[in-house]
Each structure stands twice: as structure tokens, then as C-alpha cells.
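Position 1 is the first residue of the sequence, and the numbers go up from there.
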Amino acid sequence: MSFKASTNHQLPPCSPADSEQSLEQLQTENSELRNEIEMRTQENTLLNEVISTVGSTLRLDEVLRHLVDTVVRATSCQIAFIYLYDKDKEQLVLASTNEQHRHLVGKLTMGVGEGIAGWVALHRKPVFLTDEALDDPRFCYFPELEEEKFQSIMTVPIITKTRHLIGVITVQAIAPHEFTEQHRLFITNTASLVASAIENAQLYENTQRKLSTLTTLSVLSQTISSGLYLDDMLRSLATLTVQIMEVDLCVIMLMDQARERDLESSRQARRLTVRASSPNLNDRAQFHAIDIDRTTLERLRELNEANLAKDSSHSSLEPERENEYTLERLNPLKDNQYRALISAPLIAGTEQLGLINCYSSKGRRYSPEDQTLLTTIANQAAMAIKNSYLVNQLAQKNLVKGFFDDLMQGTSDSEDSLRQRAHFLGCDLTRPHAAVMVEITHVDARWDEAASTQKQARPERNRNPQPPTNADNPSYAQGISLQAAYKRMGGIVRRRIQDNYSGSVFYEHENLITCILPLSKDPSGSRLKTWLKDLALQMRNEYDVFLSIGIGNTCQYINDYRRGFAEANEALQMGQNLQEPKPAEGKKAPIVTHFNDLGVYRYLYKIAHMDDLRDVYQDQIAHIDSYDRRKNTDLLDTLETYLECAGNLTKTSEKLFVHRNTLIQRLERLQSLCDIDLQERSNWLTLQVAIKVYKLRSSGE
């Protein structure tokens with residue numbers, strides 16, 4: 001019974017409708033499971049792609065670019081931004097994004113706590129806004145990003161396991177977007193994965209860059225000390241700077257050496273011209289010379305020093321804008337293809353030699369380390385440039401000295417050889433010239449920039465000043481200061497002569513300038529003396545500097561120059577000897593003497609210096625001169641004028657500007673001092689010659 005009962009038991013009947021419902025439920029569950037599996041598979045695929053990316057390269061830009069593409073695909077959003085944290089400036093810097101905004105990479109920054117990304121960086125917490133993100137109080141609008149188009153934002157921090165901030169990932173969608181748990185989990189996992197990768201990539205790039213920098217700096221040091229010609233050295237320097245700074249173009253500008261650095265040019269704008277670039281741009285027409293005043297140069301130096309400061313968290317935006325404005329003014333390359341510029345002045349000691357500019361075609365925000373590195377390169381380059389200038393100046397000075405020595409002394413060189421050497425110095429010896437010697441007889445040491453602003457006492461005129469050898473002696477420092485003052489005033493004289501007599505050549509030694517001036521517009525040289533007098537008066541009135549100038553006759557042929565320089569030298573010396581004022585007369589007028597002005601004196605000059613015998617006439621004149629010095633009188637000049645006027649009292653008194661009775665009294669005093677009869681006409685010529693010889697001898701003592 002029991003068996004039968006059990007075998008006859010049956011399940012309750014199931015309707016067709018219930019079966020169909022159960023099947024649909026199973027299909028739905030299976031579909032959801034398949035979708036979830038597919039999503040998980042896709043997520044795993046994307047995560048594996050991220051892992052593969054961060055494991056395949058240590059190049060930070062490649063890692064970030066792949067990461068942006070992956071995040072956009074994974075979240076179905078339109079755009080993604082990756083900001084990296086700059087510890088030095090405490091800012092988030094845009095490091096990677098989609099193609100349409102890549103020109104902002106390196107340029108767009110925000111402070112920690114600024115905007116939603118800044119808030120996430122500050123609190124190390126993610127933010128998910130599915131709709132109306134612009135209404136969030138933390139939102140900060142950046143017009144460059146066109147954020148008014150987007151409604152949804154998801155931002156997560158990139159932090160290490162030790163909670164150190166690396167950066168921030170932000171994704172945005174145009175329409176309201178529901179960020180699912182999978183989206184949030186994926187972006188969070190991705191941020192965790194890439195945190196260490198970015199840190200390693202940054203460390204790797206820093207290490208590689210430092211290694212490359214050290215290697216290239218070593219090559220740079222060798223290049224600077226290689227003894228290359230200046231232009232070759234600058235080209236090599238520009239090429240190495242491109243490598244070290246990782247830029248697209250390096251341009252080196254130097255101050256225009258044609259504008260001499262004397263007291264006059266210091267009041268004018270300095271000019272910067274391009275001397276080298278890498279890559280080499282053959283079309284120099286695109287480079288513009290830049291006139292720059294000293295104030296701007298000082299401002300550039302200050303901005304450069306400010307950029308070297310490590311802590312810029314307290315700097316305002318205005319100095320940064322001013323810096324960009326200043327650098328843009330000093331940019332000789334007006335080309336829109338370059339979007340980032342970093343610059344450093346070339347300074348040797350206190351002298352501004354030029355500027356080195358580096359350009360990048362992509363947006364880039366240069367760090368203080370970049371500025372420090374470029375400044376280091378600039379400082380080393382400036383010393384090399386300065387040394388090159390000194391070597392060139394020395395070589396030029398030796399070349400000029402040799403050229404003048406050969407012209408003055410005569411040489412075995414052919415005339416063609418001398419003309420070629422002159423042409424190299426910018427002088428055409430086929431045209432008439434005048435030999436001129438200019439001596440700076442009195443100059444104030446205050447014209448030396450390094451001297452005290454207090455006016456120094458003027459030294460006594462010395463034709464060949466020799467500084468004391470004791471460096472501890474105050475007079476030694478004064479001698480050095482005077483030499484610098486001579487150099488500065490000599491520079492002004494040379495500049496003014498060159499401006500009016502283009503093609504002049506100069507050789508300067510201490511306070512004496514020897515030169516040859518072209519007379520193309522004035523072959524006879526008739527206007528030269530007048531112009532040189534005006535120059536000497538200008539120097540006296542403007543700078544309280546006194547000049548003595550000797551001028552020789554026109555030189556038409558090579559053999560004439562030996563005579564011309566001898567004439568100029570004789571005119572200079574005799575002009576000083578004959579016109580030197582007495583101490584009581586105070587300041588003297590400039591002395592400009594042409595050789596033809598010497599008259600009878602040039603015939604007596606050699607006699608006065610070769611024959612030192614004294615006769616009764618010399619003794620009488622010496623006695624009168626001694627009396628003048630003791631009594632501060634002018635009896636000797638009175639006697640000389642009286643003899644020149646052939647004993648005519650009226651002419652003599654008029655020439656001396658004294659009353660006739662005063663003249664008679666002076667003549668009586670002269671006769672009382674003199675044993676020679678001054679009324680005897682036969683003595684007059686001998687006395688005249690004796691007075692001139694005496695003056696020539698006395699002036700040489």
C-alpha cells in the first residue's frame with residue numbers, strides 16, 4: 001500500500017504562463033550577468049592597458065597621453081584633464097589632455113584649493129557631479145577650457161600609498177552623465193595604478209635630464225675653453241644649450257661693439273644684435289636689432305634674480321606679467337610658432353654683454369631649476385665672451401701698434417702690404433691723410449665710474465704718467481683711477497673724431513692718442529685745425545678735460561707718414577712748451593698747434609735741446625725770469641713783446657694792454673736787472689733768439 005501510494009504521488013501541475021515568466025527572468029539575469037561580465041572584462045582590459053602603458057615606458061608624456069585616451073573611453077566622457085602637482089610653486093599644472101586643448105599644456109595652472117580640481121588636491125577626496133557642475137560653489141571657470149559646454153564632472157586625486165599628492169584626474173561630459181559605481185571604481189583604480197608610475201617617470205626623467213645635463217655641461221665647458229673664434233664658440237654654445245634646455249631654438253644676442261662703451265654712449269640706448277642661433281636660421285632678416293636702455297637691463301637682471309627664487313608661493317601675478325612683457329620686448333624673433341620663452345642675461349662682473357633666449361614651440365612653464373640652469377650656462381658663456389673680447393682687443397691693439405710703428409719709423413714692407421694692413425683697419429692710404437697727436441693733459445678722476453663721486457684733485461700734467469708701484473699707497477689707487485679716466489675721455493675723443501672723419505685710425509697709449517685722419521673732403525687740411533680747436537673746447541666745457549693737439553702736414557704717399565708723424569709730435573711738444581700758462585693764470589685754453597704755426601721756433605728747437613751752453617744773454621734772461629717767479633711779475637714777457645714790436649712803445653703797450661707809463665716803468669725795472677743795454681738795437685735780435693731758446697729749454701725741464 002505504502003509503495004503504491006508513493007508511486008502514485010505527482011508534482012502539482014505548472015501553467016504555461018508561469019513557465020514563460022521564469023524563462024524571461026532567467027534570460028534577464030543572464031543578460032545582466034553577461035553585461036556585467038562584459039563591463040568587467042572591458043574594465044579589466046582597460047586596466048590591463050593602463051598597466052601595460054605604465055609598464056612599457058618611463059616617458060611621462062607618453063604615459064599621460066595614453067592615460068587620457070583610456071580614461072575618456074572608459075567613462076564615455078568627452079574630455080579628460082590630468083594635472084600634476086608642482087611642489088615648488090604649490091600649484092597644479094596641466095600636464096596632459098585631449099588634442100583640442102594640448103596647446104594649454106604647461107601654461108594652465110591653478111592653486112591648491114582653487115576650483116574643483118584644486119579642492120580635490122587639497123582634501124585628497126574625489127568629487128562626482130552628475131549635473132549642473134557649473135553651479136557648484138567650488139567651481140572655478142577657465143575660459144580657455146570652454147567649460148560652459150559641460151554639465152558633469154568627475155575628479156579624483158592621484159596620490160601615493162603614503163598619501164603624497166601627485167596630481168588630479170578630471171573627466172567632463174557635455175550632457176548630464178551618471179557616473180556609475182564601475183566608472184568611479186575604474187577611475188579610482190586607475191589613479192592608484194598611475195600614481196607610482198608617474199612618480200617613477202618623473203624620477204626617471206629628472207635623473208636622465210640631470211645625467212644628460214652633466215654630460216652636456218662637460219662638453220659645454222670644453223667648448224668654452226677650446227679657444228674657438230667667438231662666432232664658432234657661440235654657435236656651438238647655442239647648439240649645446242638647445243640640448244641641455246630641451247628647447248626648439250636658442251638665440252644668442254650680444255651688445256653692438258660698434259657703439260663704444262664710453263661716457264657718451266652710456267646715455268644712449270644699448271643695441272642687441274643676434275650673433276648665433278641653433279638651429280641656424282640663415283634668413284637673418286627675421287631677426288630684429290633691439291635698442292635697450294640701462295633701466296630695462298637692470299630690470300631684466302632683477303627679474304632674472306627673482307625667477308631664481310625657489311619659493312614663489314608669495315609672488316603676485318603682476319611681476320610675472322611684467323617679466324613676460326620685458327622678455328617679449330627683448331625678443332628679436334617675432335614668430336608666432338614659438339609659444340614659450342626663457343631668457344638669461346650674459347653678465348661678466350658688472351658688464352652686460354648680451355642675452356641668451358630659448359624658445360619652445362609647445363606650451364611650457366619653465367621651472368626655477370630651468371632658470372637656474374640657463375643662468376649657469378649664461379654666466380659661463382659671459383666669461384668666455386669677455387675673454388674673447390679681451391683677446392681680440394689685445395690682438396687689435398698689437399696690430400694697430402705695429403701698423404703705426406711701421407708708418408712712423410719706416411719699414412721694409414712694400415707699400416702694397418702697408419695699404420692692405422691699413423685696409424684691414426678700415427683706412428684707405430691711397431687718399432690724403434693728416435697725422436695728428438692728441439694728449440689729454442688734464443683730466444678729473446671722477447670720470448672713472450669706479451672712482452668716488454667726490455671730485456679728485458687734478459694731477460700735474462705728465463706726458464708719460466707712471467702709476468706708483470705700491471698698491472697700499474693711496475696715490476696708487478688714484479693713479480689707477482686716473483688711467484681709467486684717461487681711457488674714458490680718450491674713448492669720447494676717438495668717437496667724435498670718427499663721427500666727423502670716418503675712416504680714422506687710432507693708437508692709444510696712456511694719455512696720448514696717435515691718429516691719422518682722412519682728408520677726402522679737405523685735401524689741404526685747411527679746416528682740420530679749426531675743427532680740432534672746436535673739439536678741444538667742447539671737451540673742456542663739457543668734461544673739464546684739457547687737450548693738447550699737434551697736427552702734421554698732409555700725407556699723400558706712404559713715405560710722407562714718417563715725416564707727418566714727426567711734424568705732429570714736434571707741433572704737440574712745442575705747442576705745449578710755448579703756450580704753457582703760469583700758475584697765476586689759472587685754467588688754460590686748449591692747445592692746438594699745426595706744424596706750420598711753429599715758425600722760427602722749429603729752427604731753434606733742436607738747438608735749444610742739443611746745445612746746453614749758456615752765455616751772457618742766457619744768464620741775463622735767467623736772472624729776469626727768476627725775478628718774475630719771486631715777485632710774480634711779467635718782465636720777461638714784457639721784454640719779449642717789446643723786442644717783437646721793434647722798440648715801439650705804443651705798439652708794445654697796446655699789445656700788452658697796459659698804459660704807456662706802466663710799460664716805461666717795466667722797462668726801467670728790466671734795465672736795472674740787466675747788464676745789457678736794452679736800447680741798443682744791435683742786441684735786440686740776439687735777445688729775441690735767446691729768450692726763445694731759454695723758454696724751449698725751460699719747458700723741457
Side-chain angles (χ1 to χ4, degrees), residues 260 262-265 400 404 433-448 451 455-465 479 481-501 504-519 522 525-553 564-583 585-598 601 699-700:
E260 298 186 41
D262 55 29
L263 193 64
E264 290 186 327
S265 64
V400 172
F404 273 88
H433 288 75
V436 177
M437 290 188 175
V438 181
E439 183 176 349
I440 304 174
T441 56
H442 295 276
V443 64
D444 200 316
R446 64 191 171 93
W447 294 119
D448 173 27
K455 187 173 181 179
Q456 303 288 337
R458 268 195 210 102
E460 294 183 0
R461 181 176 64 84
N462 186 354
R463 181 162 182 78
N464 293 302
S481 177
L482 284 174
Q483 287 183 359
Y486 284 139
K487 184 175 181 180
R488 290 180 63 78
M489 293 300 107
I492 298 175
V493 172
R494 294 196 313 273
R495 181 185 181 88
R496 294 191 177 183
I497 293 177
Q498 188 67 259
D499 287 345
N500 286 273
Y501 290 88
S504 299
V505 183
F506 308 88
Y507 173 66
E508 186 173 2
H509 180 67
E510 294 178 344
N511 63 328
L512 180 65
I513 304 172
T514 305
C515 47
I516 53 177
L517 277 61
L519 300 176
D522 181 25
S526 59
R527 296 191 297 270
L528 178 60
K529 180 180 176 181
T530 301
W531 186 86
L532 288 173
K533 279 187 175 181
D534 292 339
L535 170 65
L537 288 172
Q538 291 171 10
M539 294 300 296
R540 185 191 67 178
N541 296 333
E542 295 178 25
Y543 301 107
D544 201 23
V545 171
F546 295 87
L547 303 180
S548 292
I549 302 176
I551 309 168
N553 284 305
F565 282 115
E567 291 174 349
N569 184 51
E570 193 166 318
L572 175 66
Q573 295 184 33
M574 292 186 64
Q576 292 175 330
N577 294 338
L578 297 174
Q579 301 181 44
E580 185 73 19
K582 296 181 180 180
E585 296 179 2
K587 292 184 178 180
K588 66 174 183 177
I591 301 173
V592 181
T593 309
H594 195 287
F595 178 77
N596 294 336
D597 297 336
L598 298 178
Y601 278 100
S699 61

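- Remark: the backbone N or O of S504 is paired with a side-chain donor or acceptor of Q498 at under 3.5 angstrom.
- Environment of NZ in K529: crowded, with over 12 heavy atoms of neighbouring residues, nucleotides or ligands closer than 6.0 Å.
- The two atoms that bring Y486 and E510 nearest to each other are CB-O, 4.2 Å, heavy atoms only.
- The two residues A536 and I549 have their closest heavy-atom pair at CB-CD1, 4.4 Å.
- Here the shortest heavy-atom pairing between R496 and M539 reads NH1-SD, 4.2 Å.
- With sequence neighbours excluded, no residue forms a side chain to side chain donor-acceptor pair (under 3.5 Å) with D534.
- A search for side chain to side chain contact (heavy atoms under 4.5 Å, CB included) contacts involving N500 returns W531, not counting sequence neighbours.
- Of all heavy-atom pairs between G552 and H594, the closest is O-NE2, 3.7 Å.
- Note that the CD atom of E508 and the SG atom of C515 stand 10.0 Å from one another [nearest 0.5 Å].
- Partners of F506 by ring-ring contact (aromatic ring centres under 6.0 Å, His included), not counting sequence neighbours: none found.
- Atom CD1 of I591 sits about 10.5 Å away from atom CZ of F546, to the nearest 0.5 Å.
- Contact record, Y501 with L519: CE2-CD2, 4.4 Å, taken as the closest heavy-atom pair.
- Although no hydrogens or angles enter the test, the distance criterion places no donor-acceptor pair under 3.5 Å between the side chain of D597 and the main chain of T593.
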* Steps toward side chain to side chain contact (heavy atoms under 4.5 Å, CB included) verdict (V493, V545) -> CA-CA 11 Å; V493 172; V545 171; over 6 Å; no
* To do: List the steps, then state whether side chain to side chain contact (heavy atoms under 4.5 Å, CB included) holds for L547 with I440.
  => CA-CA 5 Å; L547 303 180; I440 304 174; 3.9 Å; yes
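- Closest of all the heavy-atom pairs between F595 and E570 is CE1-OE2, 3.9 Å.
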